Amino acid sequence: MKVAIVAFTFLAVAFAAQSDEQAEILSQQSEVNFDGSYQHAYQTANGIFAQEQGVLKNAGSKDGEAEEVQGSYQYTAPDGTPVKVQYVANEFGFQPQGDHLPVAPTPPPVPAAILRALEYIRTHPQEPEKKF
């Protein structure tokens with residue numbers, strides 16, 4: 001039984017090696033600094049490119065400390081379409097941008113009645129309640 005498992009494992013690895021494209025790494029850079037900042041980049045022979053840098057914002061601040069990461073990557077999709085993505089990830093979440101990503105529709109205009117109500121609220125602030 002052990003021989004069958006080992007043989008199957010070797011067969012699976014050999015099949016995976018034949019079906020996956022071998023991509024040579026053309027360049028690779030990496031730097032990690034003592035302050036927590038970093039940057040890295042790589043490029044492969046099959047057209048994949050990625051780069052990223054990150055910093056620790058508000059270091060030492062108990063409630064304001066956050067990692068901010070900026071980067072991009074690009075590759076060619078199976079249908080031949082070039083895919084390029086730029087992104088920022090920080091305390092506001094992951095924010096990707098790319099031509100292939102869907103874009104939310106423009107929201108409808110605010111109705112006039114709502115605008116009037118908001119203007120009334122702005123010009124007639126509520127008085128604080130009196131405490132007895």
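Note that the coordinates shown come from a computational prediction; the quantities given were computed from them, not determined experimentally.
The side-chain heavy atoms of Ile48 and Tyr42, taken from C-beta on, include a pair separated by under 4.5 Å.
Under a 4.5 Å side-chain heavy-atom cut-off, the cluster of Ile, Leu, Val, Met, Phe, Trp and Tyr residues that includes Phe49 has no other member.
A donor-acceptor contact under 3.5 angstrom links the side chains of Ser72 and Gln51, judged on distance only.
Here Gln43 contributes atom CD and Gln29 contributes atom CD; the two are 10.0 Å apart, rounded to the nearest 0.5 Å.
Annotation for Leu26 and Thr44: closest pair CD1-O, 3.7 Å, computed over non-hydrogen atoms.
Looking at Asp35, its side chain does come within 3.5 Å of a backbone N or O of Ser37 through a donor-acceptor pair. No donor-acceptor distance shorter than 3.5 angstrom exists from the side chain of Thr76 to the backbone of Gly80, with no hydrogens or angles considered.
Other residues, nucleotides and ligands contribute more than 12 heavy atoms inside 6.0 Å of the CD atom of Gln53.
Applying the ring-ring contact (aromatic ring centres under 6.0 Å, His included) rule to pairs touching residues 54-81 yields nothing, sequence neighbours excluded. Applying the salt bridge (Lys or Arg N to Asp or Glu O under 4.0 Å) test to every pair with at least one member in residues 39-51, sequence neighbours left out, gives no pairs at all.
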Going by atom type alone, with no hydrogens or angles, which donor-acceptor pairs under 3.5 Å involve a side-chain atom of residues 88-111 and a protein atom two or more places apart or on another chain?
residue, atom, partner, partner atom, Å
Asn90, OD1, Phe92, N, 2.8
Asn90, OD1, Gln95, NE2, 3.1
Asn90, ND2, Glu68, OE1, 3.1
Glu91, OE1, Lys57, NZ, 3.3
Glu91, OE2, Lys57, NZ, 3.2
Gln95, NE2, Gly93, O, 3.2

Atom pairs and distances, side-chain donor-acceptor, residues 123-132, under 3.5 Å, sequence neighbours left out:
residue, atom, partner, partner atom, Å
Thr123, OG1, Glu119, O, 3.0
Thr123, OG1, Tyr120, O, 3.2
His124, ND1, Tyr120, O, 3.1

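Looking at residues two or more places apart in sequence or on another chain, you find a side chain to side chain contact (heavy atoms under 4.5 Å, CB included) between Glu52 and Tyr38, His40, Val69, Tyr87.
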